[in-house]
Amino acid sequence: MSKLFAIVKKELRERRFYLLWWSLGIAALVAMTVLAYGSVQGKADQLNKAFGDLSSSISGFVGTSDVFSPVGYLNSQLFFITLPILFIILSVTLAGSLINKEESRHTLELLLSRPIGRSHLLIAKALAGALVVGALGIVTGLVTIACALAVHIDVSVTHLALTTFWMTLFSGAFGALAFMFYAASLATRKLAVVSAILLSFGGYILSSLGGMVHGLSGIAKFFPYHYYDPGAMLAGKVSTGFIVYVLALYAVSLLVALAGFRRRDIE
Amino acid sequence: MMLNLMQDHLLILDRLSKKYRGSKKYALQNLSLRVAAGEVYGFLGANGAGKSTAIRTLLNFIQPTSGAATILGKDSVRDSVAIKHDVGYLSGDVALYDKMTGKQFLDYLAELQPPKRPGYAAELAHRFQAQLGKPIPELSKGNRQKIGLIQAFMHEPSVIILDEPTSGLDPLMQEEFFKLVSESKERGAAMFVSSHNFAEVQRMCTKVGFIREGKLVSEQTLANLAARASHTFTLTFADEPPLSELKKLPHTTVDAHGEHDITVSVTGELSPLFALLGKHHVTRLHQQEVNLEEEFIKFYKPGGHDE
């Protein structure tokens, strides 16, 4: 266990500035977005009516036709696409640096020349990645709650905290997928980023267009984004399908990564 | 700690083969060799001959296609983790973490593989005059190599696998490295060294294996190779050197000659040369150190010696 923690500690130490800059950037974005709600507060019905007159395709892409109520605003401006995009980019690049960068720089050989099992190494790397994404999730949640309280947004603190948690878990799942592709085999390594992007943003586009284009909603059901509904989460509802899908993504990713990495050649 | 199993082979490769996915050729084919405790085995071959593949297979970075390797009596694949408690490794292109200083790097590795003697890494750093306080990106190639050597030796392993160990080291540090190799030999460690530096191999190895196109083409003790190598003498005569008589001697070539001096190289039996010298007034005889470079190169060439 001490070796596992030594690896986790080293990974976190190396990424402390990376995490700091990401935290500052996301905190600034969240603060500006949430605090700006003060300017639309009280005009929600009027603005929603105007927005409702626009094409339904626009509401599809922001995830709701209710853009100016407290829940609708936080959903459309932060939780539906903006924060997931940032968290997915962070998770996927992090997955690459945890395995791929170490392998291409040949420091992975250095670690594997020590008495550490490949599974332990992979678990330590995954744990370090999860802690970085988790820490950013906590920062995001705290800033969101603080700013929401400051402008008196009528959404419960618990729902805000849980929505941030589910958003972080959902976005991190694409990092887990990329991690799996990087770790499982030399052949799948090249597919890591493309696959994670296709599954995440491809799923977002399909889910957004699903209401308008016949047949797409059926395909969208295969993608995680279809099950991600931050509007409902902000209102305190989380579908079992979403939880099962996301947890299954993590479990499958970790198991495939472990099975592949234990046997594969190191480049 | 002195190993008791001085005669035991700590490293055994048994018909080890490796074929990379998508490749039609074997990178390593039926490679068999043994390295005993207290032995330094030089592993030589041209670029792409299969040296790195052999080392990477031994350390379980890549899986063998067939055959097996055992280190300290344990299977290199199945018991990979257990083996590495007592293995030191230096890669050809020393890979270090750029965001660390040398000290942080060695401390990190010590956490992953605690040294047998806590102060030994510092002792090695002192001997190699390693700049441990500097960030790694600021270190020269030689200083990076020193850190690479320290991490390979700091836990006093019983099996040490080194790829181009003196690359970038200045002559003083090379000398320190040879001392360290000698100490490791004395305590019974088995060393497997891949190198293109013939002087280094001649200096520290007890046995050499030559690999070409993934196959071990020859294995020789250094003593054998030295016996086969040509011996070069510079002879000074009181009168004119007997050039024509020297040229007629079997397996003898005249490399250079002057008014009183002549340099000859003899391969094999030396008696004919000395019989001839007995008939002349020789004022000085100097034997140059045996240089095995020519012998080594014979095995490098395609279609060279196969034994």
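All chains are named by letter (A, B, ...) in the order of the sequence lines, taking the proteins before the strands, and each is independently numbered beginning at 1.
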Got more than 12 heavy atoms from elsewhere within 6.0 Å of [atom1], [X]?
X        : atom1 : result
A:Arg263 : CZ    : no
B:Asp93  : CG    : no
A:Phe5   : CZ    : no

Exercise. Under a 4.5 Å heavy-atom cut-off, does chain B meet the side chain of A:Glu102, its backbone, both or neither?
Worked result: side chain

Exercise. What are the residues of residues 126-137 of chain B, in order of number, with any heavy atom under 4.5 angstrom from a heavy atom of chain A?
Worked result: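 Against chain A, none of the residues of residues 126-137 of chain B fall inside the cut-off of heavy atoms under 4.5 Å.
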
Starting at [atom1] of [X], measure out to [atom2] of [Y] and round the result to the nearest 0.5 Å.
X        : Y        : atom1 : atom2 : answer
B:Asn60  : A:Ile266 : CG    : CD1   : 9.0 Å
B:Arg21  : A:Asp265 : CZ    : CG    : 8.0 Å
B:Ser91  : A:His106 : OG    : NE2   : 8.5 Å
A:Arg105 : B:Asp98  : CZ    : CG    : 5.5 Å

For this session: Enumerate by number any residue of residues 6-17 of chain A whose heavy atoms lie under 4.5 Å from heavy atoms of chain B; in the absence of such residues, state 'none'.
Result: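 A:Ala6, A:Ile7, A:Lys9, A:Lys10, A:Arg13, A:Glu14 fall under the 4.5 Å cut-off.
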
Exercise. Listed by residue number, which members of residues 113-124 of chain A have a heavy atom under 4.5 Å from any heavy atom of chain B?
Worked result: A:Ser113, A:Arg114, A:Pro115, A:Ile116, A:Gly117, A:Arg118

Problem set entry | Side chains of B:Tyr97 and A:Leu110 in contact at under 4.5 Å (non-hydrogen atoms) | yes

Exercise. Would you say the side chain of B:Phe61 lies within less than 4.5 Å of the side chain of A:Glu267, judging by non-hydrogen atoms?
Worked result: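 No. Closest side-chain heavy atoms not under 4.5 Å.
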
For this session: Measure distances from B:Val77 to the heavy atoms of chain A and classify the residue's part below 4.5 Å as side chain, backbone, both or neither.
Result: side chain

Problem set entry | Portion of B:Gln104 that has a non-hydrogen atom of chain A nearer than 4.5 angstrom |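 Just its side chain gets close to chain A.
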
Problem set entry | Closest non-hydrogen atom pair, A:Thr107 against B:Leu96 | CG2-O, 3.7 Å

Exercise. Can you name the closest pair of heavy atoms from A:Lys3 and B:Leu112 and give their distance?
Worked result: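 Minimum heavy-atom separation between A:Lys3 and B:Leu112: CE-O, 3.2 Å.
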
Problem set entry | For A:Phe201, ring pair (Phe, Tyr, Trp, His ring centres under 6.0 Å) partners two or more places apart |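 In terms of ring pair (Phe, Tyr, Trp, His ring centres under 6.0 Å), with neighbours along the sequence ignored, A:Phe201 is linked to no residue.
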
Exercise. Looking at B:Glu111, B:Gln63, B:Lys99, which makes the most heavy-atom pairs under 4.5 Å with chain A?
Worked result: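 Top count of heavy-atom pairs under 4.5 Å with chain A: B:Gln63.
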
